[in-house]
J.: 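Below you will find the structure I want to go over with you.
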Protein chains: 2
Amino acid sequence: MTAGLQPDMFDPACPTTVMPFQIGDKWTAMVLLCLEGGPRRFTELRVPLRRVTPKVLAETLRSMERDGLITRSAYDENPPRVEYSLTPLGHSLLKLLDAARSWCTEHMGDLVAARAAFTARPAATGS
Amino acid sequence: MTAGLQPDMFDPACPTTVMPFQIGDKWTAMVLLCLEGGPRRFTELRVPLRRVTPKVLAETLRSMERDGLITRSAYDENPPRVEYSLTPLGHSLLKLLDAARSWCTEHMGDLVAARAAFTARPAATGS
DNA sequence: GGCGCCGGTTTCGTTGCGGTAACCGGGGGT
DNA sequence: ACCCCCGGTTACCGCAACGAAACCGGCGCC
């Protein structure tokens, strides 16, 4: 069943959006996650990331390839087929990403609470 | 001895600049590191981060305060004194930052090598 | 012959982060 | 009177990232 690549697995309204992390470009972490279950094709990657335009996805994949996180395999078939898969380096980065995700699930409540408390500030009633 | 806050501890030429991480804003991780050894004042923070302008540092500190990573303590003295210190949440984030730094020291060689190999590409000599 | 699939590229526009420079207010030193 | 210190704020600017839309070439299908 395509190993859990649902169209909305990266909902932009997901609260983790507010978390203070970034791995590579905006979509790098999500690509990493999508490739965790094995190689994927270009259009296949656009499904869970369906808001991303081909241009941006291509840029992301290029820089990830350049950094040795993924490999690109093009098969001369018809229709053309291109598969992206994680390298060992990509896998190791995935572990770090998991650590970051653990931090998020563990502390997101604190962060949201801190923001709420900050918004409801004393408003500097000096007078 | 100000616990190791040297002016060049975050050299912009540092190779870790190429690493695919980001915690919060550009300077957040460095502020975290600077506060590891105890509370620091505004101008004191500008020493190791001496390239950062007061505006940007203020923005960074504000958002960190908003997220509950640091606390701001203003003392009504003369000259005015303001101290920033880590919260427990900030400390926990520091641990994650350490994990990221470990990944960097461990895999930076791979990444640099991958980039070098990618630059020296076969250049698609189709003809 | 026209349409669609696949894996992109090209062009253009917008947005927002980061940076530069100047200024501020209150006090103290000389 | 003048300047400096501290902890900022304000106005302005440039660049790179992100995004929308259109296009591309080779092939198969109908």
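The sequence lines fix the lettering, A, B, ..., with proteins before strands; numbering per chain opens at 1.
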J.: Between C1' on C:dG16 and CD on A:Gln22, what's the gap in Å once rounded to a whole number?
T.: 13 Å
J.: If I take atom CZ in residue A:Arg81 and atom P in nucleotide C:dG8, what distance separates them, rounded to the nearest angstrom?
T.: 13 Å
J.: May I ask whether B:Met108 and A:Met64 are part of the same hydrophobic cluster, defined by side-chain heavy atoms of I, L, V, M, F, W, Y residues being less than 4.5 angstrom apart, directly or through others?
T.: yes
J.: Kindly say if B:Arg41 contacts the phosphate of D:dG7, meaning a side-chain N or O under 4.0 Å from OP1 or OP2.
T.: yes
J.: What residues form a side chain to side chain donor-acceptor pair (under 3.5 Å) with A:Arg51, not counting sequence neighbours?
T.: none
J.: Tell me what A:Arg72 touches on the nucleic acid: a base, only sugar-phosphate, or nothing, going by heavy atoms under 4.0 Å.
T.: sugar-phosphate
J.: When you compare the side chain of B:Ser73 with that of B:Tyr75, does any pair of heavy atoms fall below 4.5 Å?
T.: yes
J.: Are any of A:Thr43's side-chain N or O atoms less than 4.0 Å away from OP1 or OP2 of C:dG7?
T.: yes
J.: Give the B/S/- string for nucleotides 20-30 of chain C, one per nucleotide from 5' to 3', where a protein heavy atom under 4.0 Å of the base yields B, of only the sugar-phosphate yields S, and otherwise -.
T.: B------SS--
J.: When the distance from CG of B:Leu61 to P of C:dG18 is rounded to whole Å, what number comes out?
T.: 13 Å
J.: Indicate if B:Val18 and B:Trp103 have the same hydrophobic cluster label, given that clusters are the connected sets of ILVMFWY residues with side-chain heavy-atom separations under 4.5 angstrom.
T.: yes
J.: CD of B:Glu59 versus P of C:dG19: gap in Å, rounded?
T.: 10 Å
J.: Indicate the atoms forming the closest heavy-atom contact of B:Asp67 with B:Leu89, along with that distance.
T.: O-CD2, 3.4 Å
J.: Rounded to the nearest angstrom, tell me the gap between atom CG in B:Leu57 and atom P in D:dG7.
T.: 11 Å
J.: Would you sort out whether A:Arg46 and A:Glu44 count as a salt bridge (Lys or Arg N to Asp or Glu O under 4.0 Å), showing the intermediate values?
T.: CA-CA 5 Å; A:Arg46 291 192 66 196; A:Glu44 211 170 356; over 6 Å; no
J.: Which part of the nucleic acid does B:Arg62 contact within heavy-atom distance under 4.0 Å: base, sugar-phosphate only, or nothing?
T.: sugar-phosphate
J.: Taking 4.0 Å as the cut-off, does a side-chain nitrogen or oxygen of B:Tyr75 come that near to OP1 or OP2 on D:dC6?
T.: no
J.: Between C:dG8, C:dG19, D:dG19, which one does the side chain of A:Tyr84 approach most closely?
T.: C:dG8
J.: Could you give the CZ-to-C1' distance, from B:Arg40 to D:dG7, as a whole number of Å?
T.: 18 Å
J.: Decide whether A:Leu94 and A:Leu35 are clustered together by the hydrophobic rule: side chain heavy atoms of Ile, Leu, Val, Met, Phe, Trp, Tyr closer than 4.5 Å, transitively.
T.: yes
J.: To the nearest Å, give me how far apart CD (A:Glu65) and C1' (C:dG7) are.
T.: 14 Å
J.: Could you state the atom-to-atom distance from CG of A:Leu45 to P of C:dG7 in whole Å?
T.: 10 Å
